[in-house]
Q: 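Below are the structure tokens for one structure; questions will follow.
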Amino acid sequence: MTDTPRPHDLLWLNDSRALQGIDALWVSEQWKCQFPVVVRRDLSDSGLIPVGVRGVRRDQRAAGWVAAQDIVRVATPESLACLQTLLRSPFVSQPPVQAAIQLAQRTWPWAWGITGSAGYALATEMPVLHPESDLDLTIRAPVPVTPAAFADWQRWVTQLPCRADTQVETPFGAFSLTEWLRDGRVLLKTNRGPLRVGDPWCREDA
């Protein structure tokens with residue numbers, strides 16, 4: 001593959017042995033390469049891609065690494081927010097998918113996508129959703145966006161049929177939209193760890 005995977009992308013690998021740096025016993029017992037791993041935030045001196053593995057239970061999460069040449073398929077959060085994909089999902093009656101359909105029926109001035117358990121369910125058709133599941137969302141914002149520009153999105157999100165959380169991705173990391181609109185400062189999640197910043201689009205600040 002040529003494009004570097006970004007946080008929240010789901011990756012399918014060519015072999016179970018492609019996972020590196022994981023010593024959790026449940027991973028070797030349960031994880032198979034037909035299940036995707038998710039790109040997380042971290043840095044590797046050797047150029048490996050940081051990923052997370054999810055198990056059957058909510059407490060089964062493990063961090064590891066993969067090489068780019070072992071990736072055979074990628075699903076981005078944006079690809080999972082396609083209206084036709086949502087309507088064809090076996091989980092179409094679940095509140096998070098219904099909520100995503102409402103957002104997908106509108107036109108937004110940015111690329112946005114679905115992450116978390118809803119994204120995993122949409123990509124794999126594995127039954128990890130339940131009626132109380134949240135909807136985790138991401139917005140790609142490579143250039144600064146004013147708080148006022150997010151007003152319509154935030155209004156829709158607060159009226160959805162389930163709890164929804166939006167993370168905004170800048171070139172330097174990701175931040176909670178709710179926190180930014182409320183406080184004017186955010187905890188920016190970066191590859192080097194979290195930073196408290198006032199301007200999440202400023203290289204000097206981040």
Side-chain angles (χ1 to χ4, degrees), residues 3 5-12 34-41 51-58 60-61 71-170 173-182 186 189 200:
D3 294 334
R6 298 182 293 183
H8 302 299
D9 284 354
L10 294 171
L11 313 177
W12 281 260
Q34 61 261 38
F35 304 136
V37 295
V38 60
V39 179
R40 58 185 177 84
R41 299 182 196 282
V51 298
V53 185
R54 65 182 299 156
V56 177
R57 302 197 314 264
R58 290 176 63 88
Q60 289 180 324
R61 300 290 187 270
I71 300 170
V72 295
R73 178 188 165 199
V74 179
T76 66
E78 295 92 326
S79 69
L80 302 176
C82 168
L83 181 58
Q84 294 307 312
T85 297
L86 294 166
L87 292 173
R88 290 194 302 264
S89 170
F91 312 114
V92 67
S93 63
Q94 294 281 10
V97 180
Q98 284 292 307
I101 288 171
Q102 291 186 28
L103 291 174
Q105 289 175 324
R106 295 182 60 82
T107 300
W108 303 101
W110 44 65
W112 68 278
I114 303 168
T115 64
S117 59
Y120 192 86
L122 289 166
T124 64
E125 298 191 353
M126 292 183 64
V128 296
L129 285 181
H130 53 80
E132 289 74 40
S133 291
D134 295 343
L135 176 61
D136 294 312
L137 302 162
T138 185
I139 287 175
R140 307 290 188 187
V143 297
V145 182
T146 65
F150 283 121
D152 196 32
W153 171 276
Q154 192 71 351
R155 184 174 67 254
W156 271 83
V157 165
T158 57
Q159 297 173 358
L160 293 174
C162 69
R163 182 184 179 279
D165 176 68
T166 305
Q167 295 283 313
V168 180
E169 295 272 351
T170 80
F175 65 89
S176 164
L177 178 58
T178 299
E179 180 186 4
W180 190 51
L181 296 178
R182 182 190 65 222
V186 291
K189 301 173 184 176

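Bear in mind that the values here come from a model prediction, so they are computed numbers and not experimental data.
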Q: Work out which heavy atom in Leu135 is nearest to a heavy atom in Cys162; give both atom names and the distance.
A: CB-SG, 3.8 Å
Q: Rounded to the nearest 0.5 Å, what's the gap from CG on Asp165 to OG1 on Thr115? Could you check?
A: 8.0 Å
Q: Quick one: do Lys189 and Glu179 make a salt bridge, cutoff under 4.0 Å?
A: no
Q: What pair of heavy atoms forms the shortest contact from Pro96 to Ala118, and how long is it?
A: CB-CB, 4.3 Å
Q: Would a distance-only check, ignoring hydrogens and angles, find a side-chain to backbone donor-acceptor pair under 3.5 Å from Thr124 to Tyr120?
A: yes
Q: Where do Leu11 and Val74 come nearest, in terms of heavy atoms and distance?
A: CD2-CG2, 3.8 Å
Q: Between side-chain atoms of residues 142-159 and protein atoms elsewhere (two or more places apart, or another chain), which donor-acceptor pairs fall under 3.5 Å?
A:
unit_1, atom_1, unit_2, atom_2, d
Thr146, OG1, Ala149, N, 3.2
Asp152, OD1, Arg155, NH2, 2.2
Asp152, OD2, Arg106, NH2, 3.1
Trp153, NE1, Thr166, OG1, 3.1
Gln154, NE2, Thr178, OG1, 3.2
Thr158, OG1, Gln154, O, 3.2
Thr158, OG1, Arg155, O, 2.8

Q: Working to the nearest 0.5 angstrom, can you tell me the gap between Leu10 CG and Ile71 CD1?
A: 11.5 Å
Q: If I compare all heavy atoms of Glu78 with all of Ala111, which pair ends up nearest, and what's the gap?
A: CG-CB, 4.1 Å
Q: Nearest 0.5 Å, please: how far is CZ in Arg88 from CG in Leu83?
A: 9.5 Å
Q: With a 4.5 Å cut-off on side-chain heavy atoms, are Ile101 and Val92 touching?
A: yes
Q: Nearest 0.5 Å please: distance from the CG atom of Leu80 over to the CH2 atom of Trp112.
A: 10.0 Å
Q: Rounded to the nearest 0.5 Å, what separation is found between the CD1 atom of Ile139 and the CH2 atom of Trp110?
A: 5.0 Å
Q: Out of Arg61, Met126, Gln60, which one pairs with Arg54 under the side chain to side chain contact (heavy atoms under 4.5 Å, CB included) rule?
A: Arg61
Q: For the residue pair Ala99 and Pro161, what are the closest heavy atoms and their distance?
A: CB-CD, 3.7 Å
Q: So, taking the atom named CZ in Arg140 and the one named CZ in Arg6, what distance separates them when rounded to the nearest 0.5 Å?
A: 3.5 Å
Q: With distance as the sole test, does Thr170 use its side chain to make a donor-acceptor pair with the main-chain N or O of Pro200 at under 3.5 Å?
A: yes
Q: Might you work through the side chain to side chain contact (heavy atoms under 4.5 Å, CB included) test for Ser176 and Val186, ending with a clear yes or no?
A: CA-CA 7 Å; Ser176 164; Val186 291; 5.9 Å; no
Q: Look at the side chain of Ser133 and the backbone N and O of His130, then say whether any donor-acceptor pair between them is shorter than 3.5 Å.
A: yes
Q: Would you name the heavy atoms of Gly119 and Ile114 that are closest together and state the gap between them?
A: N-CG2, 3.6 Å
